Amino acid sequence: MTDIEPLINAIHQQYGYDLRDYARASLIRRLSLAMKKERLRDFNEFQDRLLHSPAFFYRLLGVLSVNVSAMFRDPDFYLALRRQVIPLLRTWPFIRIWHAGCANGEEVYSMAILLKEEGLYERSRIYATDFSELILEQAKQGIYSCKNVQTYIENYRLAGGKEDFSCYYRSDYDRVIIRNELKKNIVFAQHNLVSDGSFNEFNLILCRNVMIYFNNALKDRTLRLLHQSLCRFGVLALGKKESLNGTELGFRYDTLAENERLYRRIGW
Amino acid sequence: MESQQNQMNRNTDELHSQPVRGCSPDGVVLIVGSLGGFKAFQRILASLPRKAFQGRKGKSVVMMLHRSPSTTTDLGALLQSHCLLPVSEPDDKDAMVIGHVYIAPADYHLLLEGRHFALSTEGPVNHSRPAIDPLFQSAAFSFGKNCLAVILSGNSDDGAQGAETILKAGGDVWVQNPNECEAPIMPVAALALVPSARILSLDEITAELVALGQATQARWKGEGNEPHV
């Protein structure tokens with residue numbers, strides 16, 4: 001029906017973004033959506049635009065990296081972080097956290113709020129990375145539509161929030177802006193899980209709902225990269241429907257919370 | 001791999017002069033609903049016999065219900081108490097097991113990638129996540145004519161476009177009779193785009209599903225080197 005291989009090769013050769021190991025079902029879906037949005041007739045015209053307009057490509061990259069999330073998405077997950085992971089983090093003098101695939105940053109700021117309330121923020125540093133510069137810029141700004149705030153507050157409450165959520169942002173017309181004190185220990189940087197390597201050793205790595213877009217080979221490779229970047233007894237957090245079961249590194253992890261997909265590295 | 005599978009299906013089809021839609025042993029049945037769909041799910045699951053769906057000539061069933069993203073209820077466990085077949089919510093990249101009933105998890109889109117599940121967190125489609133259109137479109141792409149879509153009661157037009165795609169790919173579409181639906185919008189919207197869909201009451205749907213399972217089992221009994229189950 002749709003042959004997207006030439007398109008994928010063109011993106012790889014022209015821009016160096018390697019989508020060859022992305023899961024096909026959602027990639028085809030997203031490329032088709034982008035095609036409709038840009039009013040292109042078919043994938044041939046798509047390829048033509050792609051090769052001759054870098055601006056078009058970076059818009060496309062934005063579409064490909066869209067993850068519609070919310071602050072404290074999966075409140076149960078943040079509750080489990082608070083109850084089971086924070087006590088472990090407390091045992092380290094300095095805490096490094098890697099948020100791989102941070103999208104527009106909502107979940108990064110949720111993590112910052114959690115650390116602040118547990119008194120760990122001052123000795124933590126969060127490295128938030130994504131492969132799209134465009135979306136990273138949004139994340140850096142921390143500006144969200146006030147339409148979402150109701151969901152944020154509800155999630156925050158369910159996640160065991162201790163304060164009045166409104167103290168973490170200020171309103172500006174129809175938007176909310178995350179306060180600067182939550183941003184100061186967060187480093188936003190471009191990093192591509194497909195092609196880039198490990199860049200530090202972390203006590204906690206969150207890679208949630210990122211590998212669902214990869215095929216099995218790339219998922220395994222990414223898990224190896226995360227493994228290399230995790231200190232011993234460090235914690236790995238995956239999305240609610242992702243699992244280490246059946247992966248080659250699974251046996252090197254202990255399950256901290258089965259339902260919330262929190263794993264602790266125990267082996268080399 | 002997909003093309004290989006298609007090739008295989010084509011060959012087996014040539015063996016039988018009379019084509020029966022959705023009646024191949026590696027097909028998938030997609031059952032979807034929204035408002036009022038849960039009750040219908042319970043009734044359908046309660047009447048699925050183990051024998052007709054399990055074994056090498058069985059089928060997988062994938063169900064999707066529009067549900068609130070914040071819900072934490074384990075729909076799989078709730079429905080399991082009505083069903084003889086194993087029911088669960090799939091994880092990302094899980095292989096689809098024959099004779100198994102899968103329920104789409106909350107707050108993700110569910111896609112079929114060959115015989116594996118793929119989840120996605122892209123934005124709501126037709127105001128919903130999970131949404132039916134992406135599931136149907138990916139199923140049509142992966143399974144072609146070996147997929148059967150059953151659209152039940154619901155208050156949205158989600159699923160209509162996907163149903164059209166499935167029909168174009170050679171699959172089959174059944175729609176619950178809007179007159180007996182708690183919310184008729186979804187079946188009506190599907191019928192508007194796919195007028196040739198079969199209109200069935202819930203009782204007829206369950207009966208036809210059982211018959212389909214049994215027919216698949218019977219048709220493939222003793223064919224070539226296929227052992228009896």
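As the structure is a prediction and not an experimental result, all values here were calculated from the model.
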Can you measure from [atom1] ([X]) to [atom2] ([Y]) and round to the nearest 0.5 angstrom?
| X | Y | atom1 | atom2 | answer |
| --- | --- | --- | --- | --- |
| A:L244 | B:D91 | CG | CG | 11.0 Å |
| B:E89 | A:K241 | CD | NZ | 4.0 Å |
| B:H109 | A:I212 | NE2 | CD1 | 10.5 Å |

Exercise. For B:L112 and A:A25, work out which heavy atoms get closest and say how close.
Key: O-CB, 3.8 Å
Exercise. Please look at B:D94 and chain A and tell me whether the side chain, the backbone, both or neither of the residue comes under 4.5 angstrom of a heavy atom of that chain.
Key: neither
Quiz item: Is there a side-chain contact between A:K240 and B:P105 (heavy atoms, below 4.5 Å)?
Solution: no
Quiz item: What parts of residues 117-133 of chain B touch chain A if we use heavy atoms and a cut-off under 4.5 Å?
Solution: B:L119, B:S120, B:T121, B:E122, B:G123, B:P124, B:V125, B:R129
Quiz item: For chain A, which residues from residues 152-162 of chain B lie under 4.5 Å away (heavy-atom distances)?
Solution: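 So no residue qualifies.
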Under 4.5 Å from any heavy atom of chain B, what part of [X] do you find: side chain, backbone, both or neither?
| X | result |
| --- | --- |
| A:N215 | backbone |
| A:L33 | side chain |
| A:R261 | side chain |

Checking the side chain of [X] only, and the main-chain atoms of [Y] only, is there a donor and an acceptor separated by less than 3.5 Å?
| X | Y | value |
| --- | --- | --- |
| B:K93 | A:F214 | yes |
| A:E242 | B:D92 | no |
| A:R73 | B:D107 | yes |

Quiz item: Would the number of heavy atoms belonging to other residues, nucleotides or ligands and lying under 6.0 Å from NZ of B:K39 be above 12?
Solution: no
